[in-house]
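Worksheet for the structure shown next.
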Amino acid sequence: MTSAGARRAFVLGGGLAGIAAAFGLRDRGFAVTVLESRRWLGGRAFSSPDPATGWTLDNGPHVMLGCYRATRALLRRLGSEHAFQQDRRLAMVSRDAAGRRARLSLSGLPVPLAMPLALVRLPLPWRARLRALWGMAATLGGAPAHWTLADWFRRRGQVGLPDAWLWRPLCRAIMNVEPELASAADFLATLREAFAGRATTAAFWVPKRPWGEILGEPARRALAAAGVEVRLGARVAALPVSGGRVAAIGLADGERLAVGADDLVVSALPWFVAGNLVPGIASAEDPRAGLASSPIVSVFVETPPGAPPLPDDGPVVALVDGDPFHFVLRTPGAEARRFALLSGGGRVFDGMPVAAIGELACAQLPRHYPGFAVGPGARVRVRKEQHATFVAAPGGGARRPPPGRLPGGPANLRICGDWTATGLPATLEGAARSAAMALADLPS
Ligand SMILES: Cc1cc2nc3c(=O)[nH]c(=O)nc-3n(C[C@H](O)[C@H](O)[C@H](O)COP(=O)(O)OP(=O)(O)OC[C@H]3O[C@@H](n4cnc5c(N)ncnc54)[C@H](O)[C@@H]3O)c2cc1C
């Protein structure tokens with residue numbers, strides 16, 4: 001419970017970063033209020049009921065890696081770490097548009113030893129395997145800030161098969177844009193983090209439950225138990241500044257919360273909102289200074305009972321040369337008839353009706369799974385998230401302020417969120433880590 005006279009802190013936004021920040025502030029003795037515009041917590045990692053099917057659908061499939069330490073610590077606190085299939089080592093099947101199949105499977109050795117052994121076993125011509133090996137070694141070297149990942153491919157001999165079978169699927173999974181747009185330095189930094197340690201750090205953690213049950217609901221209960229006030233449906237509309245401090249928080253319904261001289265305001269708002277609200281952050285609408293958004297489109301499919309199911313290659317399958325869908329994902333333990341297709345970063349779906357998107361997804365599958373067809377009677381649902389991630393483009397560092405106090409910004413304001421400069425692209429781990437970084441200098 002909050003002790004009388006405790007310093008107050010307002011957390012703006014109840015996504016993963018806001019939830020982590022609220023716990024962090026509470027642990028430091030603050031009386032915390034979370035202001036979240038939606039009727040639930042969890043931000044982009046949310047799920048919602050689909051009335052037409054009765055399914056609970058995620059905003060899109062989210063996969064974690066064993067190296068997501070800050071996220072796992074938060075999930076432990078929420079009691080939901082067990083809601084994942086926790087692989088011990090990385091294994092992933094890829095299928096190209098001619099139906100060829102390859103399995104990248106690491107042993108239990110540390111990744112720097114296991115990865116070369118796995119790469120030489122890929123069913124690619126030996127020259128391509130050697131080039132991929134050389135590329136993996138070259139990741140240790142980093143890249144200049146102005147290079148795209150496609151520049152890195154060219155300069156490190158990774159075009160052709162290594163690009164298609166190894167690097168492009170990894171880039172899509174990590175960066176949610178094509179290599180032609182992605183910052184090589186950010187991609188390589190993330191890869192080094194995932195691939196430099198024990199086998200478990202590079203392994204997938206795939207949720208077995210909808211994200212609402214993993215994050216939003218448990219967070220609501222745990223924050224309440226910790227004495228944090230959570231106000232849902234509270235849309236922050238203004239942050240007036242006076243005397244170099246945020247003086248009040250204006251809500252969209254007209255309510256005005258006074259911010260006292262000792263109170264702290266922590267913005268955990270996404271970039272496309274913070275840029276219009278938080279003094280000192282560039283608007284996402286300003287192409288010279290703001291961050292651009294990258295969409296994710298997910299198509300959830302259930303084939304009819306009795307129809308031949310889609311071959312089950314594990315929870316994550318990369319569709320090599322996949323156009324427009326790049327991955328097939330399965331929820332561990334779910335019926336074999338159910339799976340999802342995911343497309344990240346493409347603008348091809350902008351303005352396209354959901355029925356047409358579903359048809360595109362079903363039409364693509366037989367190219368990667370020869371002989372398979374989504375027959376009549378299949379149930380298909382589509383989720384589109386326009387602001388799934390920000391684009392981590394070359395030289396984007398200047399567009400990502402460090403988590404914490406904004407240089408020259410209001411003295412009582414801190415910022416966090418996956419888009420702040422955590423060294424990671426838009427990920428759950430970036431969000432969790434940003435909250436810890438934003439509060440690091442506060443006495444515990
Ligand atoms: C479909 C999809 C798939 C993804 N897949 C992966 C994956 O596989 N692995 C991975 O690591 N990451 C993945 N991500 C990215 C991951 O979800 C995000 O990086 C992470 O959830 C961001 O958390 P956050 O707290 O920084 O921001 P958000 O989750 O965006 O939280 C911000 C919160 O602020 C609230 N808010 C907005 N405006 C206001 C306002 N005016 N007033 C009050 N509250 C407001 C929002 O409602 C939201 O709850 C995926 C994202 C999507 C959409």
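All of these numbers come straight from a predicted model, not from anything done at the bench. Indexing begins at 1, ligand by ligand and atom by atom, following the structure's order.
Per-residue contacts place Asn59 under 4.0 angstrom from the following atoms of ligand 1 (heavy atoms of the residue considered): 1 (C), 53 (C). Each of the following atoms of ligand 1 lies closer than 4.0 Å to a heavy atom of Ala234: 42 (N), 43 (C). If you number the atoms of ligand 1 from 1 as listed, the ones under 4.0 Å from a heavy atom of Arg235 come out as 41 (N), 42 (N). Listed by number with element, the atoms of ligand 1 under 4.0 Å from a non-hydrogen atom of Gly417 are 26 (O). For ligand 1, the atoms sitting less than 4.0 Å from at least one non-hydrogen atom of Leu16 are 25 (O), numbered in the order shown with element in parentheses. Taking every heavy atom of Leu35 and a limit of under 4.0 angstrom, the matching atoms of ligand 1 come to 43 (C), 44 (N). The contact set between ligand 1 and Glu385, taken as ligand atoms under 4.0 Å from a residue heavy atom, comprises 53 (C). For ligand 1 and Gly60, the ligand atoms under 4.0 Å from any heavy atom of the residue are 1 (C).
No donor-acceptor pair closer than 3.5 Å links the side chain of Thr422 to the backbone N or O of Arg433. No side-chain donor-acceptor contact under 3.5 Å links Glu385 to the backbone of Asn59. Counting only distance, with no hydrogens or angles, the side chain of Arg381 and the backbone of Asp50 share no donor-acceptor pair below 3.5 Å.
When only interatomic distances are considered, the shortest N/O to N/O separation between Val63 and ligand 1 falls below 3.5 Å. Not a single N or O atom of Ile296, backbone or side chain, sits closer than 3.5 Å to an N or O atom of ligand 1. Where the criterion is an N or O separation shorter than 3.5 Å, residue side chain and backbone included, Asp418 meets it with respect to ligand 1.
Among Ile296, Val354, Leu360, the single residue meeting the side-chain contact (heavy atoms from CB on, under 4.5 Å) criterion with Phe349 is Leu360.
Using a 4.0 Å heavy-atom cutoff, Tyr68 is listed among the residues neighbouring ligand 1.
Of the heavy atoms in Pro61, only backbone atoms (N, CA, C, O) come closer than 4.0 Å to ligand 1.
Relative to the six-membered ring of Trp271, Arg399 misses at least one condition, a distance below 6.0 Å or an angle of at most 45° to the axis.
With a 4.5 Å cut-off on side-chain heavy atoms, Asp441 and Arg405 do not count as touching.
Of all the listed residues (Gly13, Pro295, Ala45, Ala268), Ala268 holds the heavy atom that lies closest to atom 32 (C) of ligand 1.
Counting heavy atoms of neighbouring residues, nucleotides and ligands inside a 6.0 Å radius, atom CZ of Arg88 does not exceed 12 of them.
Counted by atom type alone, Glu180 and Thr148 present zero donor-acceptor pairs between their side chains at under 3.5 Å.
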